[in-house]
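Report on the structure given below.
Reminder, nothing fancy here: chain letters follow the sequence lines and each chain counts from 1.
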Amino acid sequence: MLDLKFLRQNAAQVQAALARRGLDITLDEFLQLDEKRRRLLFEAEQMKNRLNTVSLEIGRLKKAGRDAGDLQSRMRELSQEIKEMDEQVRAVVDAQTGIQLSLPNLPDESVPLGTGAEDNLTVRAWGAIPSFPFPPKPHWELGEDLGIIDFERGAKVSGARFSFARGLGARLERALINFMLDLHVSRGYTEVFPPFLVNRESMTGTGQLPKFAGEMFRVEDAGYYLIPTAEVPVTNLYRGEVLDGARLPVKLAAYSACFRAEAGAAGKDTRGLIRQHQFNKVELVKFCRPEDSFEELETLTADACRVLESLGLPYRVVVLCTGDMGFASAKTYDLEVWLPAAGTYREISSCSNFGDFQARRANIRYRDGRGKSAYVHTLNGSGVAVGRTVAAILENYQQADGSVVVPEALRPFMRVDRIEKS
RNA sequence: GGAGAGAUGGCCGAGUAGGUCGAAGGCGGUCGCCUGCUAAGCGAUUACACGGGCCUAAACCUGUGUCGCGGGUUCGAAUCCCGCUCUCUCCGCCA
């Protein structure tokens, strides 16, 4: 959410920034509502002031044993008028807040201009792209042949975009989660295990609601939402709180299952682990001082890169252009891992600085010893998506005989050197 | 699921026969004084949001709202009534 006063005073600048995102949004209606709101508010407040003043007077008169019936009946009328006025104010505020909540964050000036994924810029690449003396198989074939991933029964038991992991496949999921969490904890993150269902307020706090209801699963009766990422519960951990400035930055690492409806992705990535309704992910979340957030984004991204480097998976880092960035983000780096069978890089992590956009929605502030409180800046990034890591390991470490070598760093967790058909 | 108790400022905790209560007192914080240093002591100060004064910002003054959330009664509600949420205790059930 953008600041009310900022919107009021810098409407042109905001419109220009949104235009960089490819959005043709005018703030005219918002500004008109704002003016109307202030006008009505002022009127309502004056009426209330009169009511309060006279009510005190009535109290005094009564105490003195004098009659105040006339004043009382007049105030009864005023009280009714105030009620109607409040009704009007509320309608205007709701309309204005609705617009405010639907405006995306402004891209940082360092973000390249563009309209879509093709305009993202590669920042750097790491690792040698492997060459195979045989045609590399896609991970779903490897997984099925090895008997470690079962897509068919996933579809039977649940539906399309669900799967079972089995045997060493299941152990691989668990190993990756433990490996990633251990790595991040060793770099100063505190491990958190969050709820997977959250309420509406939390989804609004991080920006999924009200705009993106269609992308999430919801528990009908209870009204809970299934989290699309641990970002939601972990960022909302401090919703409505004032953090001790001396404790910043707060760095948290959380494993969670993630649930996404993938509406609108019909026909995309229908095979394999790339786009499932449920997948595992380890997420990094930071709360920091405003002046530190862009530096924290760099280190957060580096922390995500470290996972891929430790696993020996070739990847590149791209900075998302203005047209491809997420709703709440001011700047985003995607990590893309190399998938040999497709011969392309695929997103495996997305690291974003949200500035105070989420903090304002979720009302997360900090305070130093004395002085006023201010909104923190929030950041998060995958560290990293587990399902896609499984896919990358299977494809990059496959052998001519169909077996898969286990990356060195994972062996303490897997307790085998190689995954073979059993 | 059944029975009961509760929710007040950064924290603890007063306040219910409705009327200067944004809220006593304490702790903590900040500033000043005192002190060779520390401890202790003394004085002051210490919620947030949104408006108006104000042309941009700060400071300041002023108004409105906020005592879990939402309604209601009343000229007037932290105090009375209704609904909801959450917390705690006991019983039952359960991984």
Side-chain angles (χ1 to χ4, degrees), chain A residues 1-14 30-101 193 195-205 219 221-225 233 236-248 250 257 290 356 359-376:
Chain A
M1 184 161 63
L2 301 172
D3 180 57
L4 193 66
K5 279 184 193 143
F6 182 80
L7 283 168
R8 185 149 69 219
Q9 288 161 10
N10 305 282
Q13 185 188 331
V14 170
F30 179 84
L31 293 174
Q32 279 165 18
L33 285 168
D34 188 54
E35 214 169 290
K36 189 170 179 190
R37 183 188 114 254
R38 284 189 289 166
R39 206 176 58 236
L40 292 174
L41 205 55
F42 185 67
E43 252 184 89
E45 286 180 356
Q46 283 190 320
M47 290 161 80
K48 285 176 186 177
N49 180 234
R50 173 136 182 275
L51 180 73
N52 290 342
T53 313
V54 175
S55 289
L56 281 176
E57 182 60 25
I58 291 173
R60 250 180 249 126
L61 286 174
K62 287 204 153 182
K63 212 163 252 174
R66 294 207 261 157
D67 177 65
D70 184 43
L71 281 180
Q72 280 189 36
S73 66
R74 271 196 280 158
M75 287 307 104
R76 190 167 18 240
E77 277 170 42
L78 182 59
S79 180
Q80 199 52 45
E81 286 167 33
I82 287 173
K83 229 167 250 176
E84 283 157 24
M85 186 60 88
D86 278 345
E87 211 50 49
Q88 288 186 53
V89 171
R90 185 207 289 243
V92 174
V93 167
D94 284 353
Q96 193 185 15
T97 308
I99 293 175
Q100 204 180 353
L101 283 174
F193 187 76
F196 293 0
L197 302 181
V198 300
N199 57 30
R200 158 167 287 275
E201 288 71 29
S202 294
M203 283 297 186
T204 306
V219 181
D221 294 336
Y224 293 125
Y225 292 86
N236 279 282
L237 187 66
Y238 295 123
R239 174 153 51 84
E241 296 191 27
V242 180
L243 306 179
D244 178 0
R247 303 189 80 103
L248 296 177
V250 174
D356 62 7
R360 184 171 292 110
R361 285 179 164 241
N363 192 24
I364 305 169
R365 293 168 295 166
Y366 76 98
R367 191 184 351 242
D368 290 308
R370 65 184 194 140
K372 311 204 301 184
S373 60
Y375 290 116
V376 298

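Spacing of P atoms, B:rC84 relative to B:rC11, comes out at 28 Å, to the nearest Å. Nucleotides B:rA59 and B:rA77 are separated by 35 Å at their C1' atoms, to the nearest Å. A gap of 34 Å separates the P atoms of B:rU87 and B:rU30, to the nearest Å. For the P atom pair drawn from B:rU79 and B:rU66, the interatomic distance equals 10 Å after rounding to whole Å.
Counting only heavy atoms from C-beta on, A:Lys5 has its side chain closest to B:rG51 among B:rG51, B:rG76, B:rU20. Closest to the side chain of A:Asn49, out of B:rC75, B:rG63, B:rC50, is B:rG63.
For A:Glu43 and B:rC50, the CD to P distance is 21 Å, given to the nearest whole Å. Atom CG in A:Asp3 sits about 8 Å away from atom P in B:rC50, given to the nearest Å.
Note on A:Lys83: every side-chain N or O is 4.0 Å or more away from OP1 and OP2 of B:rC75.
With A:Arg360 contributing its side chain and A:Met1 its backbone, the two residues share a donor-acceptor pair below 3.5 Å.
Here A:Lys62 lies in heavy-atom contact (under 4.0 Å) with a base. A:Arg37 comes within contact range of the sugar-phosphate backbone alone, with a heavy-atom separation under 4.0 Å but no base atom that close. Backbone-only engagement by A:Leu41 is indicated by non-hydrogen atom pairs under 4.0 Å involving sugar-phosphate atoms exclusively. At the heavy-atom level, A:Arg200 lies nowhere under 4.0 Å from the strands shown. Within the nucleic acid shown, A:Arg90 comes within 4.0 Å of sugar-phosphate atoms alone, with no base atom in reach, counting heavy atoms only.
Taking the charged nitrogens against the carboxylate oxygens, A:Asp70 and A:Arg74 do have a contact shorter than 4.0 Å, which makes a salt bridge. A salt bridge does not link A:Asp34 to A:Arg39: none of the charged side-chain nitrogens sits closer than 4.0 Å to a carboxylate oxygen.
By the 4.5 Å heavy-atom criterion applied to side chains, A:Lys62 and A:Asp67 are not counted as neighbours.
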